[in-house]
Amino acid sequence: MKYIIEFSKKGTICYISHLDIMKVFRRAFKKTGIDLAYSQGFNPHPKMGFGQPLSLGYRGLEEYVEFETAESQDPAACAGDTAADPEAMLGMLRSVMPEGLELLRIMEAPWLKKTLAAENIAAEYMIGIPQVNGEGSDFRGRFMAQDAILVLKKQKKKPEPVLIDIKSKIRKLDIRSMDDSICIHCLLDSGSESNLSPELLIAAFVEFFGLETPRSDMNVTRRKLLFKDATETRLHG
C-alpha cells in the first residue's frame, strides 16, 4: 500500500540536510517496525521519497513524504496488537520523531502512479530580509518592471555560471516593507519541467536594490508545494 505523510520542519532541525532527514525517516520506520517495500535490481532501496527536497536552513510548513509498505507486512507487526492502519502508523512514527519534525496527517495513496516530485509544479515561499539599506517603496513594481530579471546560475557540466532570465518562472510576487524588514511572498516554478530556487530570486532582488544584508540574516519558509491538477485535488480537495 502507498501512503503520503504531510509534515512540517521547524526550529534547529532546519539545519539538518535533506540526506539526514531521509535517514531520520528511514530509522523511524525501522524503529516502529513498519516494513517498507524495496525496489528490485542490483542495489535495492526503500520505496520512499519526498515531494521536493527542502534546502538546508529552510523551514517547511507543508512538506510531504511518500512511502510504500511491503505486501507481506503483518497488520499487527508494527506494535504488538495495534493494527497497522494509517492513523496507527502515524501515531507510532510521531513517537520517535525528533523535535522540529511534526507529522501532521497521513493518507492512503493507491491513486499515486508517479512520484510526488514528478507531479510537483510550483512552490510557495515566504522570504524575510532585514533591511540594512535601500529605498522602501514599491519594491514589487520596480522589480517586476524590468524587461528581464537576470541572474547568474551554476549549471552542470559548465565551469562558469550562466546568465539566465528568471522572470517567467515567477508565478506570483508580493513584496512588502514591514518595520525594519522586507517580506517577499512568492509562488515559483518547481519540479522537473521548470524550477526556480528562491536563492536566485534573493540574489536578483538584493542586487537590483543594492541591499547589503548578509544572506545568513535572511530566512526562508516554504509554505506549501503545489502539484498537477489531479494530485492537487487528492491532497487538498
Side-chain angles (χ1 to χ4, degrees), residues 1-10 13-14 18 21-22 24-26 28-29 34 36-37 39 46-69 85-91 93-94 97 100-128 140 144 149 166-176 183-202 219-237:
M1 176 61 73
K2 293 182 180 180
Y3 299 93
I4 296 173
I5 289 178
E6 181 183 314
F7 69 97
S8 63
K9 181 183 178 187
K10 304 175 185 177
I13 203 165
C14 292
H18 176 67
I21 292 296
M22 290 180 65
V24 167
F25 273 94
R26 287 179 183 175
F29 286 120
I34 298 172
L36 294 180
S39 62
K47 291 186 177 181
M48 184 189 80
F50 292 79
Q52 279 294 337
L54 192 62
S55 298
L56 187 69
Y58 285 23
R59 293 194 308 161
L61 303 185
E62 197 176 283
E63 301 296 307
Y64 295 98
V65 58
E66 57 183 295
F67 64 97
E68 186 174 340
T69 56
D85 64 83
E87 291 303 322
M89 285 196 292
L90 186 65
L93 289 168
R94 280 173 173 162
M97 280 291 162
L101 279 179
E102 181 182 359
L103 307 187
L104 304 174
R105 63 185 176 115
I106 188 172
M107 66 195 85
E108 296 182 14
W111 45 267
L112 186 63
K113 305 305 178 183
K114 297 181 179 180
T115 64
L116 283 177
E119 293 288 299
N120 178 228
I121 57 172
E124 180 183 339
Y125 295 92
M126 190 71 76
I127 304 168
R140 184 196 182 283
M144 294 303 291
I149 301 176
I166 64 172
K167 187 173 182 178
S168 64
K169 298 177 184 292
I170 303 173
R171 297 186 174 210
K172 293 181 181 179
L173 186 69
D174 180 53
I175 307 174
R176 299 182 183 182
C183 182
I184 301 175
H185 184 193
C186 56
L187 184 65
L188 310 178
D189 280 1
S190 175
S192 57
E193 296 179 5
S194 179
N195 188 78
L196 176 58
S197 167
E199 296 301 320
L200 294 181
L201 177 61
I202 291 171
N219 62 79
V220 181
T221 299
R222 186 158 71 190
R223 296 172 60 90
K224 66 185 301 182
L225 291 167
L226 280 74
F227 300 89
K228 294 177 182 177
D229 290 344
T231 300
E232 185 71 18
T233 299
R234 292 279 190 173
L235 290 175
H236 299 114

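Nothing here was measured: the structure is a model prediction, and the numbers come from that model.
Side-chain contact between R105 and I5 is absent, with no heavy-atom pair separated by less than 4.5 Å. Considering only heavy atoms from C-beta on, L116 stays 4.5 Å or farther from Q52 through its side chain. Counting heavy atoms from C-beta outward, I121 and D189 have side chains that stay 4.5 Å or more apart. Residues E119 and T115 have side chains not in contact (no heavy-atom distance under 4.5 Å, counting atoms from C-beta outward). With contacts defined as side-chain heavy-atom distances shorter than 4.5 Å, the pair R176/D174 qualifies. Using a 4.5 Å heavy-atom cutoff, the side chains of C186 and L201 are in contact. Using a 4.5 Å cut-off on side-chain heavy atoms (C-beta onward), I4 and V65 make no contact. A heavy-atom distance below 4.5 Å is found between the side chains of I106 and E87.
For R26, there are no side chain to side chain donor-acceptor pair (under 3.5 Å) partners at least two apart in sequence or on another chain. Among residues two or more places apart in sequence or in another chain, the side chain to side chain donor-acceptor pair (under 3.5 Å) test is passed with N219 by none. Partners of Y58 according to the ring pair (Phe, Tyr, Trp, His ring centres under 6.0 Å) rule, which considers only residues two or more places apart in sequence or in another chain, do not exist here. Among residues two or more places apart in sequence or in another chain, the side chain to side chain contact (heavy atoms under 4.5 Å, CB included) test is passed with S39 by P44, H45. Applying the side chain to side chain donor-acceptor pair (under 3.5 Å) criterion to T221, with sequence neighbours excluded, gives R59. Considering only residues two or more places apart in sequence or on other chains, N195 meets the side chain to side chain contact (heavy atoms under 4.5 Å, CB included) condition with S190.
When atom types are taken as modelled, the side chain of T233 and the backbone of D229 share a donor-acceptor pair closer than 3.5 angstrom. Judged by distance alone, the side chain of R94 and the main-chain N or O of L104 form a donor-acceptor pair under 3.5 Å. Listed for the N120 side chain is a donor-acceptor partner under 3.5 Å among the backbone atoms of L226.
A donor atom on one side chain and an acceptor atom on the other are found under 3.5 Å apart for H236 and E62.
Tested against E124 for a side-chain hydrogen bond (donor to acceptor under 3.5 Å, both in side chains), the candidates R171, K172, H185 yield a single pass: H185. For the side chain to side chain contact (heavy atoms under 4.5 Å, CB included) with L61, the qualifying choice from R222, K10, M126 is K10, the only one to do so.
Ion pair K2/E108 not flagged as a salt bridge, since none of the NZ, NE, NH1 or NH2 atoms sits closer than 4.0 Å to an Asp/Glu carboxylate oxygen.
Taking all atoms of both residues into account, the shortest heavy-atom contact from E66 to A117 is OE2-N, 4.2 Å.
Taking the six-membered ring where tryptophan is involved, the planes of F67 and Y3 are essentially parallel, since the angle between them stays under 30° and well short of 60°.
The aromatic ring centres of F25 and F50 sit less than 6.0 Å apart.
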